[in-house]
Structures are given as structure tokens and as C-alpha cells.
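Notes follow once the structure below has been shown.
Every number for a ligand or one of its atoms is a count from 1 in the order of the listing. Only this structure's heavy atoms are used, side chains among them; waters, hydrogens and symmetry mates stay out. Residue numbers count from 1 along this sequence.
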Amino acid sequence: MRHIAIIGSGPAGYYTAEAAQKQFGEDVRVDIFDMLPVPYGLIRTGVAPDHQSIKGVSRRYESTALSENVRFVGNVMVGKDVTVEELQGLYDAVVLATGAPHDRKMDLPGEELPGVYGSAAFVGWYNGHPMFANLDPDLTGDTAVVIGMGNVALDVARILSKTREEFAGSDIVAHALDVLQTSRLRRIVVLGRRGPHQIMMTPKELGELSHLTRAAPRVDPQDLPDEGDDALLEPGLRKSVTHLRSFAAIPASHYADMGIEVEFDFFASPKAILGTDKVTGIEVERTVVEAGRAVGTGEVYTIPASLVVCCIGYQTSRIPGVPFDERAGRFPNDEGRILPGLYCVGWARRGPSGTIGTNRPDGFSVVEKIAEDIGLGSGKRGRAGFDELAAARSLDVVTFRDWQKIDEQEVARARDGAPREKFVHVGDMIAARGNS
Ligand code: NAP
């Protein structure tokens with residue numbers, strides 16, 4: 001029998017479990033650990049609440065989760081409740097599928113001011129992540145600045161733009177919906193240090209900005225390169241740039257009917273966040289792009305703003321005893337291998353890029369490495385050994401059946417039209433499982 005521990009129950013974790021089942025059939029036992037009492041990681045707390053079709057992928061993970069040889073071990077924090085070294089003593093392979101839940105820092109003066117958030121915190125807030133449930137951002141100012149030209153920046157700009165009615169069918173948490181309703185934002189500036197040809201936004205997500213009830217995107221036609229140059233772009237980026245061109249063609253009169261402008265400010269590199277006891281603006285330097293890099297021109301200007309959300313990418317959590325690549329913000333690895341018996345997968349392996357589906361081949365590839373390395377298994381104790389350790393430490397393990405009860409309760413308390421109302425505090429999640 002082979003015993004595998006997977007740390008993290010997001011897409012990378014479940015695809016790795018699925019791959020292990022396919023590879024080893026009945027001859028494997030997989031335990032999937034999560035620090036939260038609820039599974040699915042990024043699907044639950046990262047994917048935008050108004051992107052329910054993407055969140056629906058979790059149904060696919062259910063068939064893996066409910067099979068006999070895979071088990072969810074929720075409410076257990078690896079590195080605190082149990083160490084990686086202890087797990088390595090119990091399991092033939094330990095796979096870190098911990099994603100990239102921390103914000104990369106901008107290293108700008110003023111970054112710590114109230115009103116400045118990283119996207120992990122801001123997205124976690126509107127998605128009900130227990131760590132960020134109390135964020136309570138102030139949206140009563142006129143202008144928000146969103147830094148970054150990736151899909152997360154688009155998510156944040158779109159969520160800030162939507163009306164209550166536009167959240168019908170989403171699982172945005174009640175506390176976020178209430179605060180968003182107090183919003184007096186009229187301008188959301190999306191700041192990119194490079195130009196339209198260097199955006200990371202994908203076409204479908206960019207196109208959504210054209211269909212908002214009270215907000216419209218604005219692009220300065222002068223920022224767009226010659227249309228002929230678009231032919232050199234790869235097809236996805238070319239489609240995205242076509243959206244930007246359509247935004248640039250929106251007549252000025254259209255904005256008069258709209259409450260909010262989502263303004264793309266290209267060639268704009270943030271230099272400092274301004275303010276004394278809270279953010280009041282951001283200082284930006286105009287850039288030109290040379291050989292693909294943003295180069296400052298020395299022209300500096302200020303955008304007054306009461307909210308700044310930095311969407312510039314993520315890094316993996318450090319885990320005591322596991323090497324960490326500071327610069328890349330992930331675990332150093334050779335095709336998923338970190339150390340003998342220790343592996344990583346998904347964003348923890350390759351950094352925060354790609355779609356959810358990208359994690360599937362990643363999971364299958366790391367399981368191939370595990371198969372090469374562990375053979376038939378080495379007689380380790382696996383889940384029986386962990387259960388003893390959990391009992392000795394009085395760990396309150398949440399099982400997948402428990403999660404199903406929490407899930408039922410979340411669905412039962414959903415407001416009209418919403419798929420669920422999430423519990424946003426760990427204590428409430430645990431209480432919702434009842435006496436199992
Ligand atoms: P991303 O796609 O890597 O975009 C990060 C953006 O931040 C880039 O525009 C980058 O500009 C900018 N940036 C980085 N450092 C900066 C700095 N110091 N100053 C100013 N700008 C800076 O990251 P993401 O948006 O966090 O997305 C992460 C992954 O999740 C991506 O693969 C994304 O597609 C995926 N995602 C997908 C969806 C969806 O499919 N609906 C939704 C959300 C996220 P440079 O290019 O100049 O470095």
C-alpha cells in the first residue's frame with residue numbers, strides 16, 4: 001500500500017489525488033489536508049463569486065473526494081498542528097499543494113497605510129475567507145486604484161463596479177454585498193506599468209466590462225499601438241487588445257449615462273502611496289516600454305484615491321522545515337520534487353499562473369514522479385498513524401462528510417437567487433457540521 005499526504009484541497013490538491021487514484025488504483029490511500037474546515041481552496045475563496053460556472057469545477061472533485069481511498073482532513077494546519085517532517089514519517093509522499101495565498105509586496109512607501117490592500121486580502125474579503133472577513137474596506141470615496149493588468153485586477157474592478165442586482169446568482173458574501181452597496185466610487189483606475197500589448201488579461205474576462213449596468217471601461221486611443229502591430233500578438237492577447245480598441249471607441253456621451261468609469265491607465269508605474277493616517281492618493285511615474293520593459297520617463301503625477309488594491313501576483317506560504325525560493329515566492333523544485341519524499345504541485349510549484357485546468361497535467365506529472373520514487377510503498381503507517389497523532393493532540397479534524405453538512409447549511413441559508421451564503425468564521429463552520 002502507498003500512502004500519500006496532499007497539503008491543500010484546492011484544484012492542485014484534488015487533481016493530484018485524482019491522478020494518484022488513476023495511477024495506483026486501489027493500492028493507494030490519499031489524505032488531503034486543509035487548514036480550513038472547508039475544501040476547495042482557490043475555487044471557494046479565489047475565483048470571483050460572479051463566476052459560478054468556474055466554481056462549478058468543484059463538483060468534479062467531489063467524485064474523487066467521496067471515493068474510499070481519498071479522505072479530506074480539514075481544520076488541520078500543517079506546520080502548526082503537525083509538521084511536514086512528521087507527515088514524512090507517516091506517508092511515502094507528501095505533496096505541497098498550498099497554492100499561493102499571500103500577496104507579493106510592491107515595496108512602495110505608504111504600502112502599509114489603511115485603505116491599501118493586496119488582492120489576496122481584498123478577494124478573500126468578498127469571497128468570505130475567514131482570514132479577511134473583517135477587512136471592512138471604506139468605499140465611500142470617489143476613486144479607487146487597482147494596480148496590475150491581470151485577471152485578478154479585472155475581477156476586483158468588476159466586483160467594485162457591479163450593482164446589487166448584478167450579483168444575483170453569485171455567492172458573494174453578505175458582508176461584502178452590504179459594504180459594496182454603500183459604495184460612492186465613480187472612478188476605478190486600473191494601473192499598468194506597461195502598455196496594451198503587455199496586458200495579462202484574457203478576452204472573455206475583459207469583455208465582461210462591456211456589459212455592466214452602471215460602469216463602462218475607458219481607454220485613451222492614444223495609448224493604443226498601431227493596429228497593424230496586433231497581428232504579431234498571440235491570438236488570445238490579440239483578442240484582448242481588440243476589446244481595448246472597442247473600449248477606446250466608446251463615445252464620450254456614453255459615460256454620461258454611467259455612474260462609474262473603469263479607466264485603463266497604461267504606461268503608469270506606481271512610485272508611492274500617499275497619505276498620513278490613511279491612503280489619499282498614489283504617485284505614479286509615466287513610462288515607456290523598451291525591449292518589453294517599463295522604463296520611467298521622469299514625468300510624475302498623482303491620482304487622488306481612497307482605496308488602492310494591489311493585484312500584482314501572489315506567493316506561496318512558507319512552511320517550517322521546507323526550503324523556500326524567496327525571489328520566485330514558491331518552493332524550489334525539480335519538476336515537482338523538492339526533497340526525497342517531498343513534492344510540490346500547482347502554484348506552489350510553478351508560481352501563480354495559468355488557469356485552474358493547468359493544474360490537472362501538473363498533478364498527473366507529479367504523480368508520475370511519485371510512482372518512480374516510491375515503488376510499492378515502504379510500509380509506512382499512513383492515515384492510521386496520523387489518526388493516532390491527531391487523537392494524542394486532540395485535533396478537531398473535519399471530514400468530507402462534515403463538510404457536506406456545512407455545505408447543506410450554507411445552501412439552506414442562501415439569500416434568494418444565490419447558490420449559498422458562506423460561513424465566514426471557522427467557529428461557525430465547525431458549529432454547522434453539528435454533532436457528527
Ligand atoms: P498576473 O496575470 O501575473 O498579472 C499581474 C499584473 O501585475 C501584471 O499586469 C504585472 O505587470 C503587474 N505587476 C507585477 N508587479 C508589478 C509592480 N511592481 N508594479 C506594477 N504592476 C506590477 O497575476 P494575477 O492577475 O494575480 O493572476 C494570477 C493568475 O490567476 C493568472 O494566471 C490569471 O490568469 C489567473 N486568474 C484567472 C482568472 C480567470 O480566468 N477568470 C481570474 C483571476 C485570476 P507586468 O506584466 O508589467 O509585470
Which heavy atom of the protein is the closest neighbour of atom 4 (O) of ligand 1, given with residue, atom name and distance? G150 CA, 3.6 Å
Which of the ligand 1 atoms, numbered from 1, are nearer than 4.0 Å to a heavy atom of M149: 6 (C), 8 (C), 9 (O)
Within the distance-only criterion (no hydrogens, no angle test), does the side chain of N359 pair as donor or acceptor with the backbone N or O of I356 below 3.5 angstrom? yes
Using a strict threshold of under 4.0 Å (side-chain N to carboxylate O), is an ion pair present between E261 and R187? no
Close-contact set for ligand 1 against Y314 heavy atoms, below 4.0 Å: 26 (O)
Distance-only, no hydrogens or angles: does the H425 side chain make a donor-acceptor pair with backbone N or O of G427 under 3.5 Å? no
Of all the atoms in ligand 1, which lie at a distance below 4.0 Å from a heavy atom belonging to G354? 32 (O), 35 (C)
NZ/NE/NH1/NH2 to OD/OE distance under 4.0 Å, E205 and R158: no
Which bit of E205 is near ligand 1, meaning a heavy atom under 4.0 Å away: side chain, backbone, both or neither? side chain
Determine, for Y14 and R60, whether the Lys NZ or Arg CZ falls below 6.0 Å from the six-membered ring centre while staying within 45 degrees of the axis. no
For atom 48 (O) of ligand 1, the closest protein heavy atom turns out to be R193 NH2, 2.7 Å
Would you call K369 and D334 a salt bridge, taking side-chain N to carboxylate O under 4.0 Å as the test? no
For the salt bridge (Lys or Arg N to Asp or Glu O under 4.0 Å) test, which of R286, R194, R193 pairs with D265? R286
Which protein heavy atom lies closest to atom 36 (N) of ligand 1, and at what distance to 0.1 Å? N151 CB, 3.7 Å
So does R104 get a backbone contact from the side chain of Q315, meaning a donor-acceptor N/O pair under 3.5 Å? no
So does D107 get a backbone contact from the side chain of E111, meaning a donor-acceptor N/O pair under 3.5 Å? yes
Going by an N to O cut-off under 4.0 Å, is there a salt bridge joining R420 and D407? yes
Check each atom of ligand 1 against the heavy atoms of W347 and keep those under 4.0 Å away; list them by number with element. 29 (C), 30 (O)
If you scan protein heavy atoms around atom 3 (O) of ligand 1, the nearest is M200 CE, 4.2 Å
What residue and atom, counting heavy atoms only, is the protein's closest point to atom 5 (C) of ligand 1, and at what distance? C311 O, 3.8 Å
Checking contacts now, so for atom 42 (C) of ligand 1, which I'm interested in, is there any protein heavy atom under 4.0 Å? yes
Report the part of D155 in contact with ligand 1, treating N, CA, C, O as backbone and CB onward as side chain, heavy atoms under 4.0 Å; options are side chain, backbone, both, neither. side chain
With heavy-atom distances below 4.0 Å as the criterion, list the atoms of ligand 1 near P352. 28 (C), 29 (C)
So for ligand 1, is T202 a polar contact partner (N or O within less than 3.5 Å, distance only)? no
Any side-chain to backbone donor/acceptor pair from R413 onto K422? Under 3.5 Å, distance only. yes
A student checking ligand 1 against V152 at a 4.0 Å heavy-atom cut-off should list atoms 24 (P), 25 (O), 26 (O), 27 (O), 43 (C), 44 (C)
Determine whether the side chain, the backbone, both or neither of S119 has a heavy atom under 4.0 Å from any heavy atom of ligand 1. neither
Of the backbone atoms (N, CA, C, O) and the side-chain heavy atoms from C-beta on, which set of M106 has a member under 4.0 Å from an atom of ligand 1: side chain, backbone, both, or neither? side chain
Pairing of R44 and D171 as salt bridge, 4.0 angstrom limit: no
For R194, take its heavy atoms, then give the atoms of ligand 1 lying under 4.0 Å from any of them. 45 (P), 46 (O), 47 (O)
What atoms of ligand 1 come within less than 4.0 Å of a heavy atom belonging to S353? 32 (O)
To the nearest 0.1 Å, how far is atom 12 (C) of ligand 1 from its closest protein heavy atom, and which atom is that? G148 CA, 4.0 Å
